[in-house]
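The next block holds one structure in the form of C-alpha cells; read it before the comments.
Every number for a ligand or one of its atoms is a count from 1 in the order of the listing.
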Amino acid sequence: MTAITLVQGDITRQSADAIVNAANSSLLGGGGVDGAIHRRGGPAILADCRRLRASQYGKGLPTGQAVATTAGELDARWVIHTVGPVFSREEDRSALLASCYRESLKVADELGARTVAFPAVSAGIYGWPMDDAARIAVETVRATRTAVEEVTFVLFDEPAYEAFTAQVR
Ligand code: AR6
C-alpha cells in the first residue's frame, strides 16, 4: 500500500527520492512548477534534459509519458519529468492525465525511489479544473501497483490543497 500525504507549499522545497515535474514535450523548461524546478535545481537538470532530447526524444517527450533526470541542487535524487495533457472541453483527455501518474510511478520503481512528490499535473497553465485533476491524481495513485511507499502531493495554494483533501478523505 502506498501512503498518500498532502502538503501545501512549494515542491522545490520538498525532500523526496524523486520530485515530479509538470513539464512540456520539449523538456527544455517553461513556467509554473517547471520554471521553479529548473531555477532552484540549477543547470544540471537542463543539461540532462538536453541529452535526453538528443538521444531519445528528438521529437519531444509524448504527453502522458515520464522520464527521469538528475535533481541537481534539489533535495531529491531524481526529477521525473512528465507531460500532462492540455485540458479540453471537446475531448476527454483524462486517460492521458492518469498516464502521467502511472508512468511517473513506473519510472520511480525502475529507479528504486521509495518516496515521490507530485504537483497537480496539468492543473495550472494547462487549464485542468482542480477538482477533477485531484480526483484523477488520487484515483490513479491508489490504483497503481508500485513499490513506492509514500506519494506526497505538494499543492501550491489553499484551493488545490482543499481539492486534494476532499479526494483522500
Ligand atoms: N510547487 C508546487 N506546485 C506549484 C509550483 C511549485 N513551485 N508552482 C506552480 N505550482 P503548472 P501544468 C502548481 O502550470 O498545468 C509549464 O510552462 C500550480 O499552481 O506548473 O501541467 C510547463 O513547461 C498548479 O496547481 O503545470 C508546461 O508548458 C500546478 O502546480 C506547462 O507549464 C501545475 O501547474 C504545464 O502546465
Side-chain angles (χ1 to χ4, degrees), residues 4-43 45-50 52-53 57 59-69 71-76 78-89 91-105 107 115-141 150-168:
I4 294 180
T5 309
L6 306 183
V7 169
Q8 191 184 327
D10 178 349
I11 201 166
T12 69
R13 305 276 184 185
Q14 186 70 28
S15 129
D17 292 341
I19 290 175
V20 176
N21 180 22
N24 61 63
S25 286
S26 82
L27 291 175
L28 299 179
V33 180
D34 197 7
I37 283 177
H38 282 283
R39 258 193 316 276
R40 191 169 295 279
I45 300 176
L46 188 58
D48 260 10
C49 285
R50 288 192 195 282
L52 284 167
R53 279 298 303 252
Y57 298 107
K59 291 181 180 158
L61 180 66
T63 304
Q65 293 194 24
V67 69
T69 66
E73 308 290 312
L74 299 177
D75 190 9
W78 304 281
V79 169
I80 298 174
H81 305 261
T82 190
V83 183
V86 175
F87 180 72
S88 163
R89 296 214 174 271
E91 188 189 358
D92 181 5
R93 298 179 179 162
S94 317
L96 284 168
L97 184 52
S99 173
C100 288
Y101 290 95
R102 221 169 18 245
E103 292 299 314
S104 295
L105 290 171
V107 170
T115 56
V116 178
F118 281 97
V121 179
S122 287
I125 292 164
Y126 282 178
W128 209 287
M130 187 57 78
D131 290 346
D132 201 48
R135 179 186 60 77
I136 292 167
V138 171
E139 279 181 8
T140 306
V141 169
E150 184 177 33
V151 162
T152 303
F153 290 106
V154 183
L155 295 324
F156 208 40
D157 56 22
E158 180 81 28
Y161 184 81
E162 293 304 328
F164 275 73
T165 301
Q167 293 300 324
V168 297

Side chains of Cys49 and His81, heavy atoms from C-beta outward: is any pair under 4.5 Å? yes
Under 3.5 Å donor-acceptor, Ser99 side chain and Ala95 backbone: no
In ligand 1, the atoms that come under 4.0 Å of a heavy atom of Ala120 are 29 (C), 33 (C)
request  = Could you tell me whether ligand 1 has any atom less than 4.0 Å away from a heavy atom of Gln14?
outcome  = no
Quick note on ligand 1: atoms under 4.0 Å from a heavy atom of Gly30 include exactly 17 (O), 23 (O)
Min N/O separation Ala23 to ligand 1 under 3.5 Å: no
Between Asp157 and Gln8 the two heavy atoms that sit nearest each other are C-NE2, 3.6 Å
Task: Check: Arg40 and Arg13 side chains under 4.5 Å, non-hydrogen atoms - done: yes
So the atoms of ligand 1 within less than 4.0 Å of a heavy atom of Met130 turn out to be 25 (O)
Within the 4.5 Å heavy-atom criterion, are Thr152 and Thr115 side-chain neighbours or not? no
Check your understanding: Of all the heavy atoms in Gly9, does at least one lie under 4.0 Å from an atom in ligand 1?
Key -> yes
Looking only at distances, please establish whether an N/O atom of ligand 1 is found under 3.5 Å from an N/O atom of Gly124.
yes
With side chains defined as the heavy atoms from C-beta onward, is the minimum distance between Pro119 and Val20 less than 4.5 Å?
yes
A student checking ligand 1 against Asp10 at a 4.0 Å heavy-atom cut-off should list atoms 1 (N), 6 (C), 7 (N)
Check: Given side chains that start at C-beta, do those of Val86 and Arg93 come closer than 4.5 Å, heavy atoms only?
Finding: yes
among protein heavy atoms, the one nearest atom 3 (N) of ligand 1 is Phe156 CB, 3.5 Å
Please check if the side chain of Tyr101 supplies one atom and the backbone of Glu139 the other of a donor-acceptor pair under 3.5 Å.
no
Note: ligand 1 atoms sitting under 4.0 Å from heavy atoms of Asn24 are 22 (C), 23 (O), 27 (C), 28 (O)
Ala22 heavy atoms within 4.0 Å reach ligand 1 at atoms 21 (O), 22 (C), 26 (O), 35 (C)
Atom 4 (C) of ligand 1 sits nearest the protein heavy atom Val33 CG2, 3.3 Å
Closest to atom 21 (O) of ligand 1 among protein heavy atoms sits Ser122 N, 2.8 Å
Checklist entry - So, the side chain of Ser25 versus the backbone of Leu61: is there a donor-acceptor pair under 3.5 Å, distance only? => result yes
Of all protein heavy atoms, the one nearest atom 1 (N) of ligand 1 is Ile11 N, 2.9 Å
Do the side chains of Val33 and Asn21 get nearer than 4.5 Å, heavy atoms only? yes
Within the 4.0 Å heavy-atom cut-off, what Ala160 brings close to ligand 1 is neither
Atoms of ligand 1 under 4.0 Å from any heavy atom of Asp34, numbered from 1 in the order shown, are 22 (C), 23 (O)
Note, Val151 side chain near Leu105 side chain (heavy atom, < 4.5 Å): yes
If we number the atoms of ligand 1 from 1 as shown, the ones under 4.0 Å from a heavy atom of Gly31 are 16 (C), 17 (O)
Ranked by distance from atom 32 (O) of ligand 1, the top protein heavy atom is Ile125 CD1, 3.3 Å
>> A side-chain contact here means heavy atoms from C-beta on lying under 4.5 Å apart; do Phe118 and Thr82 qualify?
In response: no
Ranked by distance from atom 27 (C) of ligand 1, the top protein heavy atom is Tyr126 OH, 3.5 Å
